[in-house]
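Take a look at the structure set out below.
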There are 2 protein chains.
Amino acid sequence: MNQSIKLSVDAVVFGYEAGTISVLLIKRKYEPFKGKWAIPGGFVLNNEALEKAVERELKEETGVEINYLEQLYSFGNPNRDPRGRIVSIAYFGLVHPSAFKINASTDAEEVQWFKIDELPQLSFDHKDILKLAISRLQSKITYEPLGFELLDEKFPFSDLENLYTTLLGRPIDRRNFRKKFLKLNILDELDEKISKGSGRPANLFKFNQKRYFKLKQEGIIFDI
Amino acid sequence: MNQSIKLSVDAVVFGYEAGTISVLLIKRKYEPFKGKWAIPGGFVLNNEALEKAVERELKEETGVEINYLEQLYSFGNPNRDPRGRIVSIAYFGLVHPSAFKINASTDAEEVQWFKIDELPQLSFDHKDILKLAISRLQSKITYEPLGFELLDEKFPFSDLENLYTTLLGRPIDRRNFRKKFLKLNILDELDEKISKGSGRPANLFKFNQKRYFKLKQEGIIFDI
DNA sequence: CCAAAAGTGTTATGTATACACCCATGG
DNA sequence: CCATGGGTGTATACATAACACTTTTGG
């Protein structure tokens with residue numbers, strides 16, 4: 001056996017802030033696709049676990065600390081990379097809004113958040129990867145009470161509402177949504193309010209981690 | 001970069017016949033795990049697409065013609081294979097009962113169908129792979145009108161019923177199940193009957209491929 | 001005529017949906 | 001006092017779940 005396939009990992013990282021979903025991209029420094037945007041990632045080291053490789057590459061290339069990571073899909077088309085046969089295991093990650101800070105602290109020509117409906121041209125087959133990741137995110141949200149992984153610790157209910165309307169791309173009934181989500185019994189209402197300048201101040205909520213993860217394990221179907 | 005990772009594919013193939021779900025395993029000829037049972041699979045060739053590699057290995061090792069194939073998950077734990085770093089992309093396959101014939105035509109010490117509740121000890125991390133595949137099958141059946149991929153062209157309704165009760169591991173209400181499934185409008189009732197020796201002969205059905213695949217694409221939630 | 005599997009409807013209960021007004025604050 | 005976003009209840013339609021007897025064949 002004389003195999004010369006190389007193995008890489010890529011990570012599609014989503015963040016949510018102020019009513020928009022963004023994805024983290026880097027601008028490539030070297031050929032091929034020099035100067036083009038790409039999903040962060042790189043080669044797996046010989047004795048490195050796959051998830052560790054993802055975390056390492058993300059940190060090296062973007063400085064982002066990932067909050068949630070799961071495997072997405074493996075891409076192995078023989079022609080996907082002009083450098084040779086490179087199979088990539090793609091991951092799917094979510095971060096809290098606080099991780100958005102990289103945008104300021106890093107050279108904007110190198111790392112940037114892009115709104116998912118304003119994407120630039122991408123390198124390799126990264127368009128396919130991103131497309132799959134977006135559809136995974138959209139379907140995931142309909143059967144899991146997603147939110148904990150994307151919102152900050154404390155948040156007004158309207159943030160959650162916005163997250164869902166944004167991801168689903170359609171309006172949802174505020175009353176029904178609130179009823180349904182609260183009935184899951186994974187949110188704790190705090191004795192704290194936040195004011196957004198105008199309008200009635202909103203109560204803050206936080207996820208009850210114990211009950212949240214218990215519910216996820218049970219594989220709840222959250223038919224929004 | 002001096003990567004020495006090798007890439008393999010493995011395929012968990014399920015078949016359904018006479019009220020039981022079985023999985024296709026091979027007995028290993030060589031070390032490591034010589035003489036132990038394992039999921040069929042092998043190394044990917046340099047210019048070979050991943051799915052092609054799966055199909056080739058399956059044919060070489062078991063003679064089975066696969067009917068449905070999808071990617072399951074990639075396993076990359078650095079210690080999963082004693083021969084070195086081998087990352088495996090696992091696939092999930094379904095075959096028609098007619099493919100069960102391999103059992104007779106091939107050396108039984110080499111390839112065999114095992115009922116999923118009577119599994120032998122497995123090599124490598126194949127127990128984990130199989131476990132994941134089984135849970136995928138079980139969850140898939142609850143949101144997709146699975147059946148076409150596992151049953152023969154014409155079948156009595158009771159076969160479908162049995163498939164579901166077997167996979168779900170619990171009884172289902174025959175009347176409700178039939179109503180719900182027929183309402184999907186993907187089964188065509190034939191003017192043919194089959195008799196199983198005793199009892200009233202059953203009408204045969206077949207899947208209407210067009211409507212079936214259309215429904216699958218729409219991602220139907222089939223809340224059995 | 002008996003055993004065995006196939007086939008068939010109705011009712012009750014729960015869940016999803018549609019819908020509009022009052023509340024609390026800042027300016 | 002006005003503009004802005006936050007917070008709340010009810011009635012209807014639909015879907016699920018529970019439940020048992022009749023039909024057709026082979027032996």
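Reminder, nothing fancy here: chain letters follow the sequence lines and each chain counts from 1. Owing to the predicted nature of the structure, the values given are computational and were not obtained by experimental measurement.
- The backbone N or O of B:Phe92 lies less than 3.5 Å from no partner atom in the side chain of B:Tyr68, so there is not a single donor-acceptor pair.
- Using modelled atom types, one side-chain atom of B:Arg211 and one backbone atom of B:Asn185 make a donor-acceptor pair closer than 3.5 Å.
- Side chain B:Arg175 to base D:dA17: no donor-acceptor pair is found below 3.5 Å.
- Protein atom CZ of B:Arg174 is 14 Å distant from nucleotide atom P of D:dA20, rounded to whole Å.
- Mapping A:Asp173 and B:Asp173 onto DNA chain D by nearest heavy atom places A:Asp173 at the nucleotide closer to the 5' end.
- Rounded to an integer number of Å, the gap from NZ of B:Lys180 to P of D:dA15 is 11 Å.
- A straight line from NZ of A:Lys183 to P of D:dT8 spans 16 Å, rounded to a whole angstrom.
- One atom, CZ of B:Phe181, and another, P of D:dT16, lie 14 Å apart when rounded to the nearest Å.
- Side-chain atoms of A:Ser88 and A:Arg80, non-hydrogen and from C-beta on, do get closer than 4.5 Å to each other.
- On the nucleic acid side, DNA chain C contacts chain B at distances under 4.0 Å to non-hydrogen atoms, with the end points of that region at C:dA4 to C:dT10.
- Remark: P of D:dT10 and NZ of A:Lys179 are 10 Å apart, rounded to the nearest angstrom.
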Subject >> Stepwise ring-ring contact (aromatic ring centres under 6.0 Å, His included) test for B:Tyr16 and B:Phe14 >> reply: CA-CA 7 Å; B:Tyr16 172 77; B:Phe14 293 107; over 10 Å; no

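- Comparing B:Glu161 and B:Asn176, the nucleotide of DNA chain C nearest to each residue sits closer to the 5' end for B:Glu161.
- The interatomic distance linking B:Phe177 (CZ) with D:dA18 (P) rounds to 16 Å, in whole Å.
- Looking only at side-chain heavy atoms (C-beta outward), B:Ser123 and B:Trp37 stay at 4.5 Å or farther from each other.
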Please tabulate, for side-chain N and O atoms in residues 148-158 of chain A, each donor-acceptor pair with protein atoms closer than 3.5 Å (sequence neighbours left out).
residue	atom	partner	partner atom	Å
A:Glu149	OE1	A:Tyr212	OH	2.7
A:Glu149	OE2	A:Tyr212	OH	3.1
A:Glu149	OE2	A:Lys216	NZ	2.8
A:Glu153	OE2	A:Lys206	NZ	3.3
A:Lys154	NZ	A:Glu192	OE1	3.0

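- Side-chain contact annotation: B:Gln112 with B:Lys27, donor-acceptor N/O pair under 3.5 Å absent.
- Between A:Arg178 and A:Glu161 there is no salt bridge, since no side-chain N of the basic residue sits under 4.0 Å from a carboxylate O of the acidic one.
- A heavy atom closer than 4.0 Å to some atom of DNA chain D occurs in A:Ser198, A:Gly199, A:Arg200, A:Pro201, A:Ala202, A:Asn203, these being the qualifying members of residues 186-204 of chain A.
- Not one N or O on the side chain of A:Thr62 forms a donor-acceptor pair closer than 3.5 Å with the backbone of A:Lys59.
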